[in-house]
Amino acid sequence: MARVGRHSQEKNKEVKDTMSKGIFVVMEQRYGKVQNVGLELVGEATRLKEDLKDDVVAVLLGHNIEGEVEKIYHYGADKVILVDDPMLE
């Protein structure tokens with residue numbers, strides 16, 4: 001389950017440093033399937049990464065959608081952050 005909690009100052013710095021690097025694409029999914037618009041945005045982000053010299057990071061929220069992660073990598077994402085929680089079903 002995904003949880004939000006208090007972090008130490010050191011942990012907050014680590015999270016902030018991670019979040020300030022990369023080209024982030026928030027993926028849209030319906031009924032457990034990634035929508036084409038998100039995949040298209042990942043493709044466009046891969047073009048930007050050449051100029052920005054940064055990673056493409058896709059963020060996917062839902063429940064029982066692990067099977068969609070490989071598809072996102074196929075479209076060019078360097079990293080995928082998966083937030084899986086029954087409340088996101």
Side-chain angles (χ1 to χ4, degrees):
M1 179 189 302
R3 294 180 186 234
V4 177
R6 295 187 68 192
H7 296 282
S8 67
Q9 285 185 340
E10 182 177 307
K11 186 68 172 173
N12 282 340
K13 182 181 181 329
E14 180 183 326
V15 169
K16 183 179 177 183
D17 289 346
T18 300
M19 295 299 289
S20 66
K21 297 176 183 172
I23 304 164
F24 283 75
V25 178
V26 178
M27 305 300 295
E28 180 180 349
Q29 63 89 8
R30 291 188 195 146
Y31 307 109
K33 299 294 179 193
V34 172
Q35 299 300 294
N36 286 338
V37 66
L39 297 172
E40 292 169 9
L41 288 171
V42 167
E44 290 299 318
T46 59
R47 289 182 185 90
L48 285 173
K49 93 178 206 173
E50 297 303 319
D51 293 333
L52 300 176
K53 307 288 188 249
D54 233 332
D55 287 337
V56 175
V57 182
V59 181
L60 178 61
L61 293 87
H63 185 55
N64 293 328
I65 54 173
E66 298 87 7
E68 294 294 290
V69 172
E70 276 304 313
K71 186 185 303 183
I72 298 168
Y73 281 120
H74 177 75
Y75 276 78
D78 298 303
K79 299 176 185 173
V80 177
I81 297 172
L82 174 62
V83 180
D84 188 310
D85 191 294
M87 293 182 66
L88 299 171
E89 194 165 27

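Since the structure is predicted, the reported quantities are computational estimates derived from the model, not experimental observations.
Annotation: the span from Y75 atom OH to L41 atom CG amounts to 12.5 Å, rounded to 0.5 Å. In this structure, E44 CD and R47 CZ are separated by 4.5 Å, a value rounded to the nearest 0.5 Å. Remark: D55 CG to T46 OG1 distance equals 12.0 Å, nearest 0.5 Å. Atom NE2 of H63 and atom CG of L82 lie 11.0 Å apart (nearest 0.5 Å). With rounding to the nearest 0.5 angstrom, the CD atom of E68 is 13.0 Å from the NE2 atom of H74. Remark: E66 CD to D84 CG distance equals 5.0 Å, nearest 0.5 Å.
Linking ILVMFWY residues whenever their side-chain heavy atoms come closer than 4.5 Å, directly or via other members, leaves I81 and V34 in distinct clusters. L48 and V57 sit in two unconnected hydrophobic clusters of ILVMFWY residues. Membership requires side-chain heavy atoms under 4.5 Å apart, directly or through other members.
V42 and A58 make their closest contact through CG2-CB, 4.4 Å (heavy atoms, listed as atom of the first residue, atom of the second, distance). Nearest heavy atoms, K49 versus D54: CB-O, 3.1 Å. Closest approach of L60 and I65 over heavy atoms only: CG-CD1, 3.4 Å. Taking all atoms of both residues into account, the shortest heavy-atom contact from D78 to Y73 is O-CE2, 3.6 Å. The shortest heavy-atom contact between M27 and G38 is CE-C, 3.5 Å.
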Hey, mind stepping through L39 and I72 against side-chain contact (heavy atoms from CB on, under 4.5 Å) and telling me if it holds?
-> CA-CA 7 Å; L39 297 172; I72 298 168; 4.3 Å; yes
